[in-house]
Amino acid sequence: MPNLEEILEKYPFVQRDNLISILQDVQSEFGFLSEEAVVKVGKYLDLPTSKIYGVATFYHHFRFKTKGKYHIRVCNGSSCHVNLNSQIIREIEKRTEVKNEEVTKDGLFSLEETTCMATCGEGPVMAVNEEYFTNLTIKKVAEIIDSFKRLEE
Ligand code: FES
């Protein structure tokens, strides 16, 4: 696993135009943008950290917190909302003991409420890492999360 310096070395010509590419590389390598990484990138590009946070928060795919081994994304979009996704979210919170943007103490689960996940016709929808689960019910959510817990027994 390369460290942050190795990522920065890929951009020998220090140009602020590289900011997004550098942040994407950092997130792809570490899973999120840590405060330490933001400060180092800022020093490298001679940009204030406030500018970097401003740019990174504009693009919704950047994260500032680490993820769990099983990162759960659940749709909080309006179509899923009509299909009672709030009950689904409460069930996920209950089963994993994490709330939005949190990670369990053992690092297994993290939760992220997202905007539309582009499968509105099959909502409510959630994903665990890259695997999608659609037409969710409370019972189905419980089974899905329990199946991931069992993988760790
Ligand atoms: S609103 Fe949930 S998938 Fe579109």
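Indexing begins at 1, ligand by ligand and atom by atom, following the structure's order. Note that the structure is a prediction, hence the values are computed from the model and not measured.
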Next item on the list: Work out how many protein N, O or S atoms lie closer to atom 4 (Fe) of ligand 1 than 2.8 Å.
Entry: 2
Check: Does a side-chain N-to-carboxylate-O contact under 4.0 Å join Lys149 and Glu153?
Finding: no
Note to self: Looking at Glu113 and Arg73, is there a salt bridge between them, counting it only when a charged N and a carboxylate O are closer than 4.0 Å?
What the structure shows: no
Item checked: Side-chain ion pair, Lys69 and Glu152, N-O less than 4.0 Å -> yes
Margin query: If you define the side chain from C-beta out and look only at heavy atoms, does anything of Phe109 sit under 4.5 Å from Val103?
Written below: no
Check: Taking the six-membered ring for Trp, are Phe64 and Tyr53 ring centroids under 6.0 Å apart?
Finding: yes
Check: Looking at Glu102 and Lys99, does any basic side-chain N land under 4.0 Å from a carboxylate oxygen?
Finding: no
